[in-house]
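I have a structure I would like to understand better, so I am pasting it below and will then ask my questions one at a time.
When a ligand or atom number is given, it counts from 1 through the structure's own listing order. These values consider heavy atoms only, across backbone and side chains, with no hydrogens, waters or symmetry-generated copies.
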Amino acid sequence: MTQLKLVGFSGSYGRPSKTSALVDYIAELACDRYNLARSVFDLTDVGDTLGVAKSQNDLDANATAVLKAVVESDLLVIGSPTYKGSYPGMFKHFIDLIDPEQLRGKPVLIAATGGGERHALMVEHQLRPLFGFFMAHTIPTAIYASNRDFSGHEIVSPALLERIGFAIDELAAFVSRKSGPTGD
Ligand SMILES: Cc1cc2nc3c(=O)[nH]c(=O)nc-3n(C[C@H](O)[C@H](O)[C@H](O)COP(=O)(O)O)c2cc1C
């Protein structure tokens with residue numbers, strides 16, 4: 001039985017980045033729990049060709065590799081910083097290059113960071129409908145983290161850690177479905 005692949009994608013260029021720290025944390029926990037192969041990328045991994053690409057064919061080798069990893073994943077953890085109450089334009093542009101069929105039915109755990117609490121519903125009002133367009137299976141529990149949930153780039157909020165635990169529990173159904181009826 002081949003190991004299922006979990007891919008994390010952070011829609012941030014920042015290094016260090018709170019969004020990437022959140023995606024890394026979720027991805028590591030999920031992979032340890034379900035014995036998944038893990039890869040995590042950010043917008044800096046995608047690189048400069050993204051900004052001028054009108055289709056996947058305009059991306060260079062690095063960007064193509066990231067996009068391929070995302071669409072070929074068994075489970076996806078998507079994280080986005082909040083910009084002006086939504087996701088950043090460049091993150092959306094990366095998603096815009098994905099064909100509608102390429103994420104159909106894919107389990108997607110959605111997460112976001114923001115400076116404060118005011119835009120906490122950005123995960124429900126922006127990210128969930130975006131993946132709804134693709135007919136992906138967004139995990140019921142979405143994760144939003146504000147500056148107060150971090151010390152530097154480390155997650156310190158017990159409430160956030162508990163919520164991440166709920167979301168990871170909810171991945172179980174998709175892992176067993178993808179692993180086949182025997183679960184092996
Ligand atoms: C251009 C810009 C717009 C932002 N807009 C919002 C916003 O509308 N709401 C919010 O809570 N935080 C906003 N922020 C703060 C970021 O969402 C927050 O710092 C985020 O955690 C940054 O993630 P990163 O460390 O991965 O880059 C904004 C930041 C920038 C740079």
- Close residues, ligand 1: non-hydrogen atom nearer than 4.0 Å: Ser12, Ser17, Lys18, Thr19, Pro81, Thr82, Tyr83, Lys84, Gly85, Thr113, Gly114, Gly115, Gly116, His119, Tyr144

- Inter-residue atom distance Leu29.CG - Asp24.CG, 0.5 Å rounding: 12.0 Å

- When you check the side-chain N and O atoms of Ser10 and Ser20, is any donor under 3.5 Å from an acceptor? yes

- Task: Describe, in one word, how the ring planes of Phe9 and Phe94 are oriented to each other, choosing from parallel (under 30°), tilted (30 to 60°) and perpendicular (over 60°).
- Result: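 Parallel: the ring planes of Phe9 and Phe94 meet at under 30°.
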
- Assess whether atom NZ of Lys178 is packed by more than 12 heavy atoms of other residues, nucleotides or ligands within 6.0 Å. yes

- Message: Under a 4.0 Å threshold between the charged nitrogen and the carboxylate oxygen, would Asp45 count as salt-bridged to Arg15?
- Response: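 Yes.
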
- Message: Within a 6.0 Å radius of atom CG on Asp48, are there more than 12 heavy atoms belonging to other residues, nucleotides or ligands?
- Response: no

